[in-house]
Trainee: 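Sending over a structure as structure tokens; questions will come in a sec.
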Amino acid sequence: MRYPIPELAPGEWHESEIEVEKSRFIAWVAHAPKVADFEALLAEARRQHPNASHHCSAYIAGPPGEQVHIGFSDDGEPGGTAGRPMFQALDGDGIGQVGAVVTRYFGGTKLGTGGLARAYTQALVTALESLPRGECIERRPLKIRVDFAGEADARQWCQGQDIPVQAVDYGAEGVTLTLGWPSEQSTDLSELSTRLKGRIESLDHQAG
């Protein structure tokens, strides 16, 4: 499975701001592969804006469609007017491993439930539109064994295919490489086998 994720380093966030009826809505978006990453973003928003009226939030700490490591909060706004619309914005975007906080400074004019939902959605969507994005490729371990002379060629082939070598084990029978094979891709080592003149053995039961 391939899906977009925020291209931000740990501890970094993307920020944007809108104003609706004199209320400020400051959106924070961060890479959140774990719930703890989202919690760190929320804590930072509260630390930097201790006098804000609300810090509403939503997160998907996993791939799009994640059902377990998800959540949202209205943080004192009327129920369903902030956290859920924010979560729906994330879900509709198709992005994964993402945490979002929208900090609000009340401007004196009540927006009503519909107005609040639109404002929180707009604040987050505006941030998502300018968010730097990378791609997450889910991978599974695939073990292959090559002879010592073939290790360098095998590594070079893997690099050209953007397949990471996750572990190496040297034994009497040769070199065992554990590859991070894309989960959505069937195992096809024919090209590498040709390159190594057949001096390769797959230790993966899924190999075809």
Side-chain angles (χ1 to χ4, degrees), residues 1-107 109 111 114-139 162 164 180 182 184:
M1 183 179 183
R2 296 169 183 253
Y3 56 90
I5 59 173
E7 194 168 41
L8 297 166
E12 289 186 347
W13 64 86
H14 178 68
E15 187 176 332
S16 69
E17 181 176 339
I18 66 170
E19 184 176 304
V20 180
E21 297 291 341
K22 297 183 180 179
S23 279
R24 292 174 62 201
F25 293 85
I26 306 166
W28 308 55
V29 181
H31 184 210
K34 298 179 181 178
V35 177
D37 299 312
F38 156 74
E39 292 172 342
L41 174 70
L42 179 58
E44 183 63 22
R46 286 176 169 161
R47 188 186 70 81
Q48 291 203 22
H49 296 277
N51 298 318
S53 307
H54 306 278
H55 297 286
C56 303
S57 58
Y59 66 89
I60 301 173
E66 168 70 32
Q67 297 296 311
V68 179
H69 303 296
I70 59 175
F72 50 85
S73 169
D74 295 315
D75 192 36
E77 292 281 31
T81 63
R84 182 176 290 277
M86 288 173 61
F87 177 81
Q88 290 171 338
L90 294 178
D91 191 47
D93 185 272
I95 195 169
Q97 300 184 18
V98 61
V101 177
V102 174
T103 297
R104 181 192 182 195
Y105 283 92
F106 181 55
T109 302
L111 302 180
L116 281 171
R118 285 191 294 272
Y120 278 100
T121 300
Q122 181 187 350
L124 182 50
V125 168
T126 299
L128 290 172
E129 286 174 347
S130 56
L131 176 70
R133 299 178 183 230
E135 184 180 52
C136 177
I137 303 174
E138 293 189 340
R139 300 181 183 273
D162 195 26
E184 64 181 10

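Only this structure's heavy atoms are used, side chains among them; waters, hydrogens and symmetry mates stay out.
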Trainee: Check whether any side-chain N or O of His49 sits under 3.5 Å from a backbone N or O of His55 as a donor-acceptor pair, and report yes or no.
Mentor: no
Trainee: Under 3.5 Å, side chain of Glu7 to main-chain N/O of Ile5, donor-acceptor pair present?
Mentor: no
Trainee: State the CZ-CG distance between Phe72 and Asp91, to the nearest 0.5 angstrom.
Mentor: 10.5 Å
Trainee: To the nearest 0.5 Å, how far apart are CG in Leu8 and CH2 in Trp13?
Mentor: 10.5 Å
Trainee: May I ask you to decide if Phe106's main-chain N or O and Ser53's side chain share a donor-acceptor pair within less than 3.5 Å?
Mentor: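 Side chain of Ser53 to backbone of Phe106, a donor-acceptor pair under 3.5 Å: yes, one is there.
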Trainee: Verify side-chain contact (heavy atoms from CB on, under 4.5 Å) between Tyr59 and Leu90, making sure each step is shown before the conclusion.
Mentor: CA-CA 8 Å; Tyr59 66 89; Leu90 294 178; 5.5 Å; no
Trainee: So how far is it from Trp28 CH2 to Leu42 CG, rounded to the nearest 0.5 Å?
Mentor: 10.0 Å
Trainee: Show me the pairs that pass salt bridge (charged side-chain N to carboxylate O under 4.0 Å, His left out) and involve residues 59-77, at least two apart or across chains.
Mentor: Arg46-Asp75, Glu77-Arg104
Trainee: Between Lys34 and Ala61, which heavy-atom pair has the shortest distance, and what is it?
Mentor: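 For Lys34 and Ala61, the tightest heavy-atom pair comes out as C-CB, 3.8 Å.
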Trainee: Considering non-hydrogen atoms only, spot the tightest contact between Asp37 and Ala32 and give its length.
Mentor: CB-CA, 3.7 Å
Trainee: Rounded at 0.5 Å granularity, tell me how far OG in Ser57 sits from OH in Tyr120.
Mentor: 10.0 Å
Trainee: If only atom types and distance count, is the side chain of His14 paired as donor or acceptor with the main-chain N or O of Ala127 below 3.5 Å?
Mentor: yes
Trainee: For Tyr3 and Gln97: C-alpha separation, side-chain torsions, deciding distance, then whether side-chain hydrogen bond (donor to acceptor under 3.5 Å, both in side chains) applies.
Mentor: CA-CA 9 Å; Tyr3 56 90; Gln97 300 184 18; 2.9 Å; yes
Trainee: Any heavy-atom pair between the side chains of Val29 and Leu124 that's under 4.5 Å?
Mentor: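 In contact.
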Trainee: Any idea which heavy atoms bring Gly94 and Pro64 closest together, and the distance?
Mentor: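 Heavy atoms of Gly94 and Pro64 come nearest at O-CG, 3.1 Å.
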Trainee: Any side-chain to backbone donor/acceptor pair from Arg24 onto Thr103? Under 3.5 Å, distance only.
Mentor: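 No; judged by distance alone, with no hydrogens or angles, the pair does not exist.
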Trainee: Within this structure, what is the OG1-CD1 distance for the pair Thr126 and Ile18, rounded to the nearest 0.5 Å?
Mentor: 5.5 Å
Trainee: Just wondering, are more than 12 heavy atoms of other shown residues or ligands nearer than 6.0 Å to CZ in Arg133?
Mentor: yes
Trainee: Should we say atom CZ of Arg84 is surrounded by more than 12 heavy atoms from elsewhere, each under 6.0 Å from it?
Mentor: no
Trainee: For the residue pair Ala119 and Leu111, what are the closest heavy atoms and their distance?
Mentor: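 Here Ala119 and Leu111 meet closest at CB-CD1, 4.2 Å.
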Trainee: Could you report the tightest heavy-atom contact between Met86 and Ala100, atom names first, then the distance?
Mentor: CE-O, 3.8 Å
Trainee: Between the side chain of Ser23 and the main-chain N/O of Gly107, is any donor-acceptor distance below 3.5 Å?
Mentor: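 Checking the backbone N and O of Gly107 against the side chain of Ser23, a donor-acceptor pair under 3.5 Å is found.
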Trainee: Starting at CD of Glu184, measure out to CZ of Arg139 and round the result to the nearest 0.5 Å.
Mentor: 9.5 Å
Trainee: Shortest non-hydrogen contact from Ile95 to Pro4?
Mentor: CG1-O, 3.3 Å
